[in-house]
Amino acid sequence: MLEAHKLTKLFGPIAAVHGVSLKLEPGNVMALVGASGSGKSTLLSMLAGLTDADEGEVRLNGERVPGPSEVLVPGHADIRLVHQEYQLMPNVSVRENITYALRFFEKSYREFRVDELLKLCRLTEVQDRLPRQVSGGEKQRTAIARAIADKPAILLLDEPFSHLDLPNRLIFRDLLVDLVRHENTACLLVTHDTSDALSTANSLGILRDGRLVQFGSPKEVYRRPATAYAARMTGPVNILKAKHLPTLGLSGVDNPEALLCLRPEQIQLDDTGLQGTIRALFFKGSHYEIDVELSRYVCLRMLSTRDDLQVGQLIGVKIAGESIWKLQR
Ligand code: ADP
Ligand code: MG
């Protein structure tokens with residue numbers, strides 16, 4: 001188990017990471033989501049023992065993970081960090097890139113393990129190609145195979161989705177599930193793009209300006225985001241002020257300036273509901289995203305699979321009061 005206790009990293013006067021504590025357990029995938037510059041890479045680097053913390057500490061199974069200034073060779077044998085740039089050896093094949101990580105093992109085990117990794121990471125077909133001759137997704141999977149080759153306890157992934165096209169994102173998602181099941185690895189991934197994190201992770205943290213501002217299951221954080229930032233980081237959302245509730249046919253306002261959140265899928269088309277005008281329609285393949293203007297001040301994004309809607313059309317919508325969630329400021 002990997003534990004971070006109140007980790008802080010300062011760059012000059014600015015705390016890139018501020019008092020972050022977390023626990024990562026075998027067989028689990030944790031995702032941390034945050035905007036660019038929120039401290040994701042710095043945090044991972046400290047967790048891997050590659051950046052010295054200014055305060056706090058990292059422990060693996062109870063033992064302190066030393067920072068780079070305390071050891072001759074920075075890093076920890078049981079913790080692997082896969083960077084955004086995969087840093088593969090360009091002049092040797094996919095197979096040899098992975099084999100290199102096992103160079104100290106006996107040959108027959110090495111060959112067996114490499115075959116196993118190629119299969120796990122869906123690389124068997126491209127094993128003899130050079131990194132430049134494979135796709136981005138295959139490069140990434142090579143980097144992951146190499147990182148997990150000698151069965152580290154902890155795998156840290158920096159923005160693993162960001163360079164992948166949709167088919168490769170899906171392959172990667174499946175790979176993570178297989179990996180955690182097959183190898184019992186503890187996996188922490190950081191990302192700025194959440195939809196993949198929601199479906200992949202067992203737990204989800206929201207990182208803002210170096211602080212872990214919310215933590216929970218993906219469902220909890222998605223449905224009960226603490227702040228507008230957490231709500232926006234976890235998917236499409238309508239943020240409105242409490243004083244506009246009457247426009248939605250709802251009452252119960254204590255503080256008129258309080259922020260409320262409402263997910264697009266919680267709004268239904270209903271002829272008997274509130275009347276609004278379609279202001280925009282976005283075709284998304286499986287559905288449409290629709291902007292419905294309910295008043296001068298309230299325009300809501302919703303979803304529908306209906307194919308007969310048009311901009312300018314009057315429609316009725318229904319919102320269940322309990323699907324509206326009050327945010328902290
Ligand atoms: P993220 O990975 O979430 O985009 P980073 O961890 O890379 O964020 O950076 C967090 C903050 O720390 C940013 O404001 C960044 O500019 C700053 N930062 C990162 N590395 C350094 C560095 N080596 N020197 C000074 N500032 C840095
Ligand atoms: Mg980064």
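The analysis underlying the following values was restricted to heavy atoms, covering all of them including side chains, and did not include hydrogens, waters or symmetry mates. Counting convention: from 1, in listed order, for ligands and their atoms alike.
Ligand 1 has a nitrogen or oxygen under 3.5 angstrom from a nitrogen or oxygen of Gly37. Considering both main-chain and side-chain atoms, Gly39 comes within under 3.5 Å of ligand 1 through a nitrogen or oxygen pair.
Looking only at protein heavy atoms, the nearest one to atom 22 (C) of ligand 1 is Phe11 CE2, 3.4 Å. Among protein heavy atoms, the minimum distance from atom 6 (O) of ligand 1 is reached at Thr42 OG1, 2.5 Å. Given atom 7 (O) of ligand 1, the protein heavy atom at minimum distance is Ser41 CB, 3.8 Å.
Here CD1 of Ile315 is found 10.5 Å from CG of Leu274. Values are rounded to the nearest 0.5 Å.
In this structure, Leu309 is a member of the same hydrophobic cluster as Phe283, with clusters built from ILVMFWY side-chain heavy atoms closer than 4.5 Å.
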(request) Please lay out, stage by stage, how Gln133 and Glu138 fare under the test side chain to side chain contact (heavy atoms under 4.5 Å, CB included). (result) CA-CA 10 Å; Gln133 297 167 326; Glu138 288 157 349; over 6 Å; no
(request) Apply side-chain hydrogen bond (donor to acceptor under 3.5 Å, both in side chains) to Arg263 and Thr234, showing your working. (result) CA-CA 10 Å; Arg263 297 285 182 187; Thr234 45; 2.8 Å; yes
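With Leu260 as the partner, the side-chain contact (heavy atoms from CB on, under 4.5 Å) test is satisfied by one option alone out of Ile239, Leu327, Leu245: Leu245. Only one option out of Arg113, Arg103, Arg80 pairs with Asp150 in a side-chain hydrogen bond (donor to acceptor under 3.5 Å, both in side chains); it is Arg80.
Residue Ser38 places a heavy atom less than 4.0 Å from ligand 1. For Ala35, the closest heavy-atom approach to ligand 1 falls below 4.0 Å.
Look at Ser41 and the Mg ion (ligand 2): an N/O/S atom of the residue is under 2.8 Å from the metal.
Per-residue contacts place Ala16 under 4.0 angstrom from the following atoms of ligand 1 (heavy atoms of the residue considered): 10 (C), 11 (C), 12 (O).
Within a 4.0 Å radius of atom 1 (P) of ligand 1, the protein contributes at least one heavy atom. Put simply, atom 15 (C) of ligand 1 has no protein non-hydrogen atoms near it, under 4.0 Å away.
Although no hydrogens or angles enter the test, the distance criterion places a donor-acceptor pair under 3.5 Å between the side chain of Lys40 and the main chain of Ala35.
Residues Thr142 and Asn97 bring no donor and acceptor atom of their side chains to less than 3.5 Å of each other.
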